[in-house]
K.L.:
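Got a structure for you, questions after.
Numbers restart at 1 for each chain; the letters A, B, ... are given by sequence-line order, proteins then strands.
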Amino acid sequence: MSELLIPITVFVLAAFVGFEVITKVPPTLHTPLMSGSNAISGISIIGAIVAAGHENGGVAAALGFLAVTLATINVVGGFLVTDRMLRMFKRGDR
Amino acid sequence: MSELLIPITVFVLAAFVGFEVITKVPPTLHTPLMSGSNAISGISIIGAIVAAGHENGGVAAALGFLAVTLATINVVGGFLVTDRMLRMFKRGDR
Amino acid sequence: MNPTAAGFLYLLAAVLFIVGLKRLSSPVTAKAGNRLAAIGMLIAIVVTLLDEQIVSYWIVIAGIVVGGAIGALLAQRVEMTSMPQLVAAFNGFGGGASAFVAIAELIRGGADPPIRILVTIALSVLIGSITLSGSMIAFGKLQDLITGRPLVLPGQLVIDVVLAGVAVTAAVRVGATGETVYAWVLFGSAIALGITRTLPIGGADMPVVISFLNSLSGLAAAATGFVIDSNALIIAGALVGASGLILTNIMVKAMNRTLANVLFSAFGGETGGGDGTDHDKVARRASAEDVAITLAYAQRVIVVPGYGLAVAQAQHAARELADLLQERNVEVRYAIHPVAGRMPGHMNVLLAEADVPYDQLYDLEDINPDFAHTDVALIIGANDVVNPLAREADTAISGMPILDADKATTVIVVKRSLSSGFAGIDNPLFYLDNTLMLFADAKQGLTDVVSAIREL
Amino acid sequence: MNPTAAGFLYLLAAVLFIVGLKRLSSPVTAKAGNRLAAIGMLIAIVVTLLDEQIVSYWIVIAGIVVGGAIGALLAQRVEMTSMPQLVAAFNGFGGGASAFVAIAELIRGGADPPIRILVTIALSVLIGSITLSGSMIAFGKLQDLITGRPLVLPGQLVIDVVLAGVAVTAAVRVGATGETVYAWVLFGSAIALGITRTLPIGGADMPVVISFLNSLSGLAAAATGFVIDSNALIIAGALVGASGLILTNIMVKAMNRTLANVLFSAFGGETGGGDGTDHDKVARRASAEDVAITLAYAQRVIVVPGYGLAVAQAQHAARELADLLQERNVEVRYAIHPVAGRMPGHMNVLLAEADVPYDQLYDLEDINPDFAHTDVALIIGANDVVNPLAREADTAISGMPILDADKATTVIVVKRSLSSGFAGIDNPLFYLDNTLMLFADAKQGLTDVVSAIREL
Ligand SMILES: NC(=O)c1ccc[n+]([C@@H]2O[C@H](COP(=O)([O-])OP(=O)(O)OC[C@H]3O[C@@H](n4cnc5c(N)ncnc54)[C@H](OP(=O)(O)O)[C@@H]3O)[C@@H](O)[C@H]2O)c1
Ligand SMILES: NC(=O)c1ccc[n+]([C@@H]2O[C@H](COP(=O)([O-])OP(=O)(O)OC[C@H]3O[C@@H](n4cnc5c(N)ncnc54)[C@H](OP(=O)(O)O)[C@@H]3O)[C@@H](O)[C@H]2O)c1
């Protein structure tokens, strides 16, 4: 248990930050929020890189390649499409 | 440096939580906020207890006693006076 | 790279995620916020590449190149109306990546990994696989590859229970023995469970499913962070978990339902419900010219867009109409219901695409009091979000907050028929004395109205 | 107690602090929130007593009993009008505790503590001692034991520089050698510095000083947390640091000044500035009867309380007057300027004490547009916060947002003379054609008005 204390502390604090920050996002931006936070969840690409990079072949390497590919689609696509959406939002006083 | 990574992570996250949470406190409650957060800063009582409890006499013990006393005034007085103030706040529809 | 420096860079990445999300609190700063978060991700990736003892760079690089190209292409090409599908697909890919990482870790794990690692691996495979297949079904339903209607399988309950039983048993075996074969059994049964559990959910509920799965995948990422001792993963996972839960909650609240009801009650269906023809009540049919005259001589108009606007891709036509009216000094505003369309904020994105300034868009609470002082409520492809039955008891949408469009002096509804919306129930608004129905595809109908106004 | 359990309990304490502060976001939940935070503190104390190898319980218990009794007594006895002083005193005690803990740690530290421990000890002594003496001077000024006027010492700059030089040198020596004697030198010079740096600051700026010192002591607590590896200290310290900074910022912003200006510019003084008598302009003096009639036959009244209300303890009389008016169907609201009085939220607490419901209290932005439609603005012991000079250039308060009381049909000011407020500048509001001056102590004046209305 004791080795869990630090990660749990970090998790609890981050969850508080998340709740506070996200509740301030206005409804107008909920779709970009959804796609943007989805892109952030692609952080598992870190694990994918480790898994893929440590193998020179075999099933694990194949799985690693697949994981890196899928995670990259999630990350790159997610941030780009969010950016594309957000670039469309304009104020009235043009 | 490496032993600082965890505490810095915790500090940074807690500071984010603090800023988000405190900015939501309305002006009406700024005085209780001031006294209440002052009471929380009395958390240094933990250090005072350790300092006082590890000595059986001498300057350190005297300082420890002084520290525990002052910190307890801060904590007990702070929470009680905040409570006293907050009990006075009433809504209109009585 | 020295591991301390790496640790601080990962922390920097996490801070950039937080600051990025904070900036999403206003349309003015949101773009910069998203880019900050992306920079955070880039830092995390580069640090991982430099920090870990990568032996086979080519596999990683190949994956990044292929994935990056596909992702960029999809992001550029997608229609704004297809955003829900795209998010579903991305979400599924992310879940799949987690599952595959976990299985790969198990394969290369060597002798006797500690139990907590095995437990987290089992958890990652379970959540990741369900997210993968569930999101793919959601994609299919939203893209109309699969019917949007709830597809309840024969013996649904038995199937679900059996699959869940197999998955849990396999997960426990993975945790206890660490043998790869159980991971594959777990993978297979979780994939199947994701499919059978998503098919019976109606198409319009898919965004709730996606959002919920996204929240779960955030939690799975955090769990992985516990295993590999990565604060970046823990923090990012917690942020995503919170965001997914909040969005899920907003949606179910705005529909006055519960998450359990959404996931387990086979509710709704795109084409379900009454078709409104066998009624003694009559709806007043109007021509594009009638609508043109009513709008052109109004002083205040509120536009209520709904799912039909997205289906018909009518956002540009709506914008053109609004421009024309504004030139004639008609005040035009937009009322955005929190669950109009098929995902939260869907209408806002569509209208932004058509260059409608976001300060003409009003939330439900802000605009509802104004309908009573409004000459025309122009309802484009919306249905449930303006259905007055919500104010009555014992209907499928009772208690759901709605836009009070019926309070306007004249109500104009542009849709193809009298048939029902997602909730599958009839809408008395269409039969009110002050309601005019323009039966047309939203895009075509609005284009006709624009021409008619030009000819006035 | 097993250290893991202790760790989780400390985390629980920190979470309770956070949840407690979150609940402070509404008057409805605030009381429960403060109690949660107190429970968190209790948990932290009990865990510390059980967890650490305490050898001499009696010293600890004695300290807790004595301190608890004093704290409880002060909290029960204090007048609501003296709240700023009390917070100053508590803040100083907290700072003193930190400083003494650090010195005690150094004494019992044994051979060769690591450098980062020494650095944090030096930091704790420095910040703690400045907080202690600075807060005590603030207490003295607020309690009128010391003049509220800025007391600039002869050779102020030289004294400050020398003291700061000694303190920094001593701090560096503590860090380098760990010898106790340097800690005492540091303590002494920091105490002196706290005194000489606070004396030249005006009495009304004391809340800024206290808030700033509170923020610093939060940061010092966090620093201590780094040393003794305590997440509870780090989290609580970060929360307090953030709260202090935000409050400081609110105050300096509302006064349109900077923190540096407050700390270093010897600004203002309770009795400073013009006395308003040598003017060609004349103020219209009114009797309590005049005021009674004006108020009794008004339809809408806005009360603007200020520091003078606190000094005179006139909150109950104000409440009585408002009740009387409300019985006569006069609408009464209160306009609360963010820096009215001597600490943020000061007026709210005073009025709450007099049972004024908090939903009759309005913030500056919310009520300012309403003054123009108001019959009477009743200004009780306020001055700077309604001074129209703030709208002009080159005055001591230029740019400070003010309450637009001068826009009301009639302005009634209750204060003892025409003399200036904290900022020490004349107030043209008193000489307007629509202003009536009731020269009286606020409490006495309001009581007279109440009797006069009763006799109408
Ligand atoms: N936004 C979210 O996050 C979310 C999430 C989950 C569920 N939902 C649910 O989705 C519903 C959204 O309400 P809504 O009012 O936006 O939509 P709706 O109630 O689903 O109604 C959409 C209407 O659009 C019309 N339509 C379809 N294609 C059209 C076209 N090409 N041209 C013109 N009209 C067309 C349809 O009528 P015709 O067939 O007669 O044309 C239909 O009645 C709510 O029930 C909500 O609870 C929303
Ligand atoms: N609230 C905060 O957080 C804070 C912090 C720092 C500084 N400040 C500063 O404090 C000032 C607050 O403005 P304010 O308008 O509330 O107060 P003010 O400008 O200081 O004026 C208070 C007035 O009350 C009158 N007064 C004093 N004793 C009285 C009594 N017994 N009965 C009736 N009147 C009495 C005085 O006039 P007479 O002598 O003629 O009676 C004085 O002009 C601002 O300048 C602000 O920047 C506030």
Side-chain angles (χ1 to χ4, degrees), chain B residues 7 10-11 14-15 17-19 21-25 27-31 33-38 40-44 46-54 56 59-61 63-83 85-86 88-92, chain D residues 17-18 21-22 24-25 27 30-31 34 38 41 48 52 54 56 59-60 63-64 66-68 70-72 74-75 87 90-91 93-94 96-98 100-101 103-104 107-108 214 217-218 221 224 226 231 233-236 238-240 242-243 246 338 344-346 348-349 352-353 357-359:
Chain B
V10 171
F11 180 79
V17 175
F19 271 100
V21 169
I22 305 286
T23 45
K24 280 190 188 153
V25 178
T28 308
L29 293 175
H30 277 166
T31 293
L33 169 63
M34 204 156 162
S35 63
S37 72
N38 188 246
I40 292 178
S41 82
I43 184 74
S44 51
I46 289 184
I49 291 176
V50 176
H54 283 199
N56 267 318
V59 188
L63 284 176
F65 170 72
L66 205 58
V68 172
T69 309
L70 291 179
T72 312
I73 298 180
N74 187 10
V75 168
V76 173
F79 281 120
L80 281 182
V81 84
T82 308
D83 188 60
M85 273 189 267
L86 291 173
M88 300 182 321
F89 280 84
K90 288 184 194 80
R91 241 246 202 56
Chain D
F17 294 156
I18 295 175
L21 287 174
K22 267 172 76 87
L24 272 186
S25 63
K31 205 173 52 181
N34 180 56
M41 188 64 79
T48 308
E52 302 282 337
I54 305 285
S56 51
I59 302 190
V60 177
I64 290 183
V66 174
I70 300 177
L74 289 175
V87 173
F90 286 162
N91 192 45
F93 294 159
S98 295
F100 295 143
V101 168
I103 299 177
I107 293 176
R108 71 185 192 82
N214 190 22
S217 59
T224 313
F226 276 64
N231 285 329
L233 272 172
I234 296 177
I235 296 172
L239 292 175
V240 174
S243 136
I246 290 173
H346 196 178
N348 307 72
V349 171
E353 189 199 6
Y358 58 77
D359 44 9

K.L.:
Test side-chain contact (heavy atoms from CB on, under 4.5 Å) on B:Thr31 and D:Val87; report intermediate values, then the result.
P.N.:
CA-CA 9 Å; B:Thr31 293; D:Val87 173; 5.7 Å; no

K.L.:
Applying side-chain contact (heavy atoms from CB on, under 4.5 Å), run through D:Ile246 and B:Leu33 and close with a yes or a no.
P.N.:
CA-CA 11 Å; D:Ile246 290 173; B:Leu33 169 63; over 6 Å; no

K.L.:
Count the heavy-atom pairs under 4.5 Å between each of D:Ile70, D:Leu239, D:Ile234 and chain B, then report the option with the highest count.
P.N.:
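Of D:Ile70, D:Leu239, D:Ile234, D:Ile234 has the most heavy-atom pairs under 4.5 Å with chain B.
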
K.L.:
Which heavy atom of D:Ala236 sits nearest to which heavy atom of B:Ile40, and what is that distance?
P.N.:
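The answer is CB-CG2, 3.9 Å.
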
K.L.:
Counting heavy-atom pairs closer than 4.5 Å to chain B, which one of D:Ser98, D:Gly71, D:Pro338 comes out on top?
P.N.:
D:Gly71

K.L.:
If you measure from NE2 on B:His30 to NE2 on D:His346, what distance do you get to the nearest 0.5 Å?
P.N.:
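Going from NE2 on B:His30 over to NE2 on D:His346, the span is 15.0 Å.
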
K.L.:
Between atom CE of B:Met88 and atom CG of D:Asn348, what is the distance when rounded to the nearest 0.5 Å?
P.N.:
10.5 Å

K.L.:
Heavy-atom distances under 4.5 Å only: say whether D:Pro27 touches chain B with side chain, backbone, both or neither.
P.N.:
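For D:Pro27, heavy atoms of backbone and side chain both lie under 4.5 Å from chain B.
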
K.L.:
State, to 0.1 Å, how close D:Val101 and B:Ala51 come at their nearest heavy-atom pair, and which atoms those are.
P.N.:
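For D:Val101 and B:Ala51, the tightest heavy-atom pair comes out as CG1-CB, 4.5 Å.
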
K.L.:
I'd like to know whether B:Val10 forms a side-chain contact (heavy atoms from CB on, under 4.5 Å) with D:Ile235, so could you lay out the CA-CA distance, the side-chain angles of the two residues, the decisive distance to 0.1 Å, and finally the verdict.
P.N.:
CA-CA 7 Å; B:Val10 171; D:Ile235 296 172; 3.6 Å; yes

K.L.:
Look at D:Asn34, D:Thr48, D:Val240 and state which one has the largest set of heavy-atom pairs under 4.5 Å with chain B.
P.N.:
D:Asn34

K.L.:
Given that the side chain runs from C-beta out, which part of B:Leu80 has a heavy atom under 4.5 Å from chain D: side chain, backbone, both or neither?
P.N.:
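Contact with chain D is through both the backbone and side chain of B:Leu80.
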
K.L.:
For B:Met34 versus D:Pro344, what's the shortest heavy-atom pair and its separation?
P.N.:
SD-CD, 4.0 Å

K.L.:
Check B:Ala67 against D:Phe100 and note the closest heavy-atom contact, atom names and distance.
P.N.:
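Scanning both residues completely, I find the closest heavy atoms to be CB-CB, 4.0 Å.
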
K.L.:
Would you give the length of the straight line joining atom OG of B:Ser41 to atom CZ of D:Phe17, rounded to the nearest 0.5 angstrom?
P.N.:
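That separation rounds to 10.0 Å.
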
K.L.:
Look at the rings of D:Tyr358 and B:Phe89 and say which category their plane angle falls in: under 30° parallel, 30 to 60° tilted, over 60° perpendicular.
P.N.:
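D:Tyr358 vs B:Phe89 ring planes: tilted.
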
K.L.:
I need the residue from B:Val76, B:Val21, B:Ile43 with the largest number of non-hydrogen atom pairs under 4.5 Å to chain D.
P.N.:
B:Ile43

K.L.:
Among the options B:Ala15, B:Ala71, B:Pro27, pick out the one with the most heavy-atom pairs lying under 4.5 Å from chain D.
P.N.:
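That would be B:Pro27.
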
K.L.:
Which bit of D:Thr224 is near chain B, if near means a heavy-atom gap under 4.5 Å: side chain, backbone, both or neither?
P.N.:
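Contact with chain B is absent: no heavy atom of D:Thr224 under 4.5 Å.
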
K.L.:
Testing the basics here: between B:Gly77 and D:Ala75, what is the closest heavy-atom pair and its distance to 0.1 Å?
P.N.:
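Where B:Gly77 meets D:Ala75 most closely, the heavy atoms are O-CB, 3.6 Å.
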
K.L.:
If you round to the nearest 0.5 Å, how far is CG of B:Asn38 from OG of D:Ser217?
P.N.:
6.5 Å

K.L.:
If you count heavy-atom pairs under 4.5 Å with chain D, which of B:Ile73, B:Val81, B:Ile22 comes out on top?
P.N.:
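Ranked by heavy-atom pairs under 4.5 Å with chain D, first place is B:Ile73.
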
K.L.:
So which of B:Val68, B:Thr28, B:Val75 has the largest heavy-atom pair count under 4.5 angstrom toward chain D?
P.N.:
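Highest number of pairs under 4.5 Å: B:Thr28.
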
K.L.:
With B:Thr69, which of D:Val66, D:Ile59, D:Ile64 fulfils side-chain contact (heavy atoms from CB on, under 4.5 Å)?
P.N.:
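The option that passes is D:Val66.
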
K.L.:
Roughly how far, to the nearest 0.5 Å, is CG of D:Leu21 from OG of B:Ser37?
P.N.:
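Answer for the OG-CG pair, B:Ser37 versus D:Leu21, is 7.0 Å.
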
K.L.:
Ignoring hydrogens, what is the shortest heavy-atom contact between B:Ala52 and D:Ser56? Give both atom names and the distance.
P.N.:
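That would be O-OG, 3.2 Å.
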
K.L.:
Return the CE to NZ distance between B:Met85 and D:Lys31, rounded to the nearest 0.5 Å.
P.N.:
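Those atoms lie 14.5 Å apart.
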
